[in-house]
Amino acid sequence: MRINELFFILFVLNLKDFFYRKKKYSIDTNGVVTKKSFSNIALIKYWGKQKNKIQIPLNSSISYSLEDVYTVTRLIYHLKERKKRNFSVRVFFSGKEENRFIPKILEFFHRISFYCSYLRDFHFVIETENTFPHSSGIASSASSMSALALCIMEIERKLVSSLKEDFFLRKASFLARLGSGSACRSIYPGLVVWGIHKSIKGSNNLYAIPYPYQVHPIFTEMVDTILVIDEEPKEISSSKGHQLMNNNPYAKERFKCAHKNMERLISILKVGDLQDFGELIEHEALSLHAMIMTSHPYFLWMKPNTLNVLYKVWDFRKQSRKNIYFTLDAGANVHLLYPIQEKKFIMKLIDNDLLSYCKKIIESFCK
Ligand code: DP6
């Protein structure tokens with residue numbers, strides 16, 4: 001960590017509480033903690049990180065947590081007999097030992113050990129499962145990193161009995177961010193903001209906060225139907241994609257636009273204007289894809305069936321005047337967002353017109 005970042009954390013944001021430095025433990029030497037954490041879908045997208053900083057976004061983002069799309073993680077801990085400097089961790093995914101996740105977890109432990117000095121003193125076994133199908137192309141890093149961060153905080157709660165709930169969640173979000181940026185938003189249900197925005201009180205780059213303003217009831221009952229178009233892992237990871245923003249010729253305009261879109265969204269959420277909401281989230285989704293298409297090297301995440309679905313959604317909306325809108329994440333899959341009242345019609349549209357373009361469908365409430 002650079003000196004200026006440390007200074008920023010300690011003094012500007014007064015986050016010195018995030019450090020855990022006690023050496024003696026009043027904790028059972030063996031134990032297990034279990035946590036569940038949601039996936040999320042961003043309405044205003046996080047795409048681009050500040051250079052030479054760890055997981056600091058270049059624009060603020062906001063997402064809905066997805067109630068039915070989640071990860072459950074069990075973290076089994078065992079105090080080491082002799083203190084050693086290295087981390088000790090084994091990972092099981094859906095019951096099977098998976099060594100391919102170890103490097104990412106070790107990097108995560110390394111990043112957060114500054115704030116959780118106790119990590120080196122335990123052997124850990126991580127057992128994790130997702131509710132969503134393994135090969136669905138649904139990003140699992142947000143739900144898995146946030147579930148792991150929550151488990152670690154649960155251990156810290158055993159070490160510090162006076163830990164307050166809001167601190168617990170704030171630090172969990174802070175830690176989750178260091179595993180995967182979007183994971184910091186998964187700590188909270190509902191609408192969640194990450195990244196400094198001048199119009200959002202309390203917003204900051206180090207952890208996410210629940211959206212702090214009035215939300216029209218229509219936006220508290222939204223459904224996300226995920227149309228899985230492609231089950232293959234992406235050709236390019238999100239982390240690499242973020243890096244490509246550093247040399248993207250349109251990056252500056254994109255960050256300005258994301259900032260303005262957040263400003264617009266605040267009033268849309270308040271007044272409950274679904275059409276403006278839809279126009280804004282579709283614009284955001286296409287802007288994200290425009291960024292990857294104009295990076296060097298360039299990529300195209302959409303597949304022919306992604307486009308087939310988008311055109312059908314636009315046609316259906318024109319004909320029926322129903323409020324159905326799409327957003328996209330970093331891949332070919334389409335998230336259809338609509339109010340719960342429209343569910344019957346939309347399911348008909350999906351069954352009749354969209355199902356043939358999809359490998360599978362995953363449904364969730366945005367809660
Ligand atoms: C397109 O959070 O996966 O989903 O911080 O490198 O782990 P890392 O990236 P990640 O990026 C998510 C990008 C996105 C938009 C969003 O969720 O805001």
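All of these numbers come straight from a predicted model, not from anything done at the bench. Whatever order the structure lists ligands and atoms in, that order sets their numbers, starting from 1.
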Open item on the list: Looking at every heavy atom in both Leu175 and Tyr115, which two are closest together, and how far apart are they?
Closed with: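 Result for this residue pair: CD2-CB, 4.3 Å.
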Task: Transitive ILVMFWY side-chain link Ile56 to Leu58, under 4.5 Å - done: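 In one cluster: no.
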Flag [X] as yes when one of its N or O atoms lies below 3.5 Å from any N or O atom of ligand 1, and as no otherwise.
X      : value
Gly181 : yes
Ser61  : no
Tyr46  : yes
His242 : yes

TODO: Please verify whether a non-hydrogen atom of Arg185 lies at under 4.0 Å from ligand 1.
DONE: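 Checking ligand 1 against Arg185, which is what was asked, there is a heavy-atom contact under 4.0 Å.
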Open item on the list: Taking only non-hydrogen atoms of Lys49, do any sit less than 4.0 angstrom from ligand 1?
Closed with: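 It does; at least one heavy atom falls under 4.0 Å.
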Can you sort out which atoms of ligand 1 are near [X], meaning under 4.0 Å from one of its heavy atoms?
X      : answer
Leu288 : 1 (C)
Ser238 : 3 (O), 9 (O), 10 (P), 11 (O)
Gln55  : 5 (O)

TODO: Name the option, out of Ser182, Ala42, Cys184, Gly195, that contains the heavy atom nearest to atom 12 (C) of ligand 1.
DONE: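 Checking each option, the heavy atom nearest atom 12 (C) of ligand 1 is found in Ser182.
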Task: Which segment of Ile41 sits under 4.0 Å of ligand 1 when only heavy atoms are counted - done: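 Neither part.
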Open item on the list: Please work out, at 4.0 Å between heavy atoms, whether the side chain, the backbone, both, or neither of Ser180 comes within that distance of ligand 1.
Closed with: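 It is both backbone and side chain that touch ligand 1.
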- [ ] Kindly assign one of parallel, tilted or perpendicular to the pair Phe277 and Phe219, based on the angle between their ring planes and the thresholds 30° and 60°.
- [x]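 Because their plane-to-plane angle lies in the 30° to 60° range, the rings of Phe277 and Phe219 count as tilted.
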Task: Residues that, via side-chain heavy atoms closer than 4.5 angstrom, fall in one hydrophobic cluster with Trp194 - done: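 Grouped by the 4.5 Å side-chain rule, Tyr46 form the rest of the cluster around Trp194.
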Open item on the list: Other members of the hydrophobic cluster containing Phe92, with the 4.5 Å side-chain heavy-atom rule, please.
Closed with: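 Same cluster as Phe92: Val32, Ile76, Val125.
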Task: Charged N-O contact under 4.0 Å between Glu129 and Arg74 - done: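 Looking at Arg74 together with Glu129, the answer is no, because their closest N to O distance does not fall below 4.0 Å.
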- [ ] Run the salt-bridge test on Lys104 and Glu107 with the 4.0 Å N-O cut-off and return the result as yes or no.
- [x]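 No salt bridge links Lys104 with Glu107.
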Open item on the list: Could you tell me if Asp224 and Ser364 have a donor-acceptor pair between their side chains, going purely by distance under 3.5 Å?
Closed with: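 Short answer, no.
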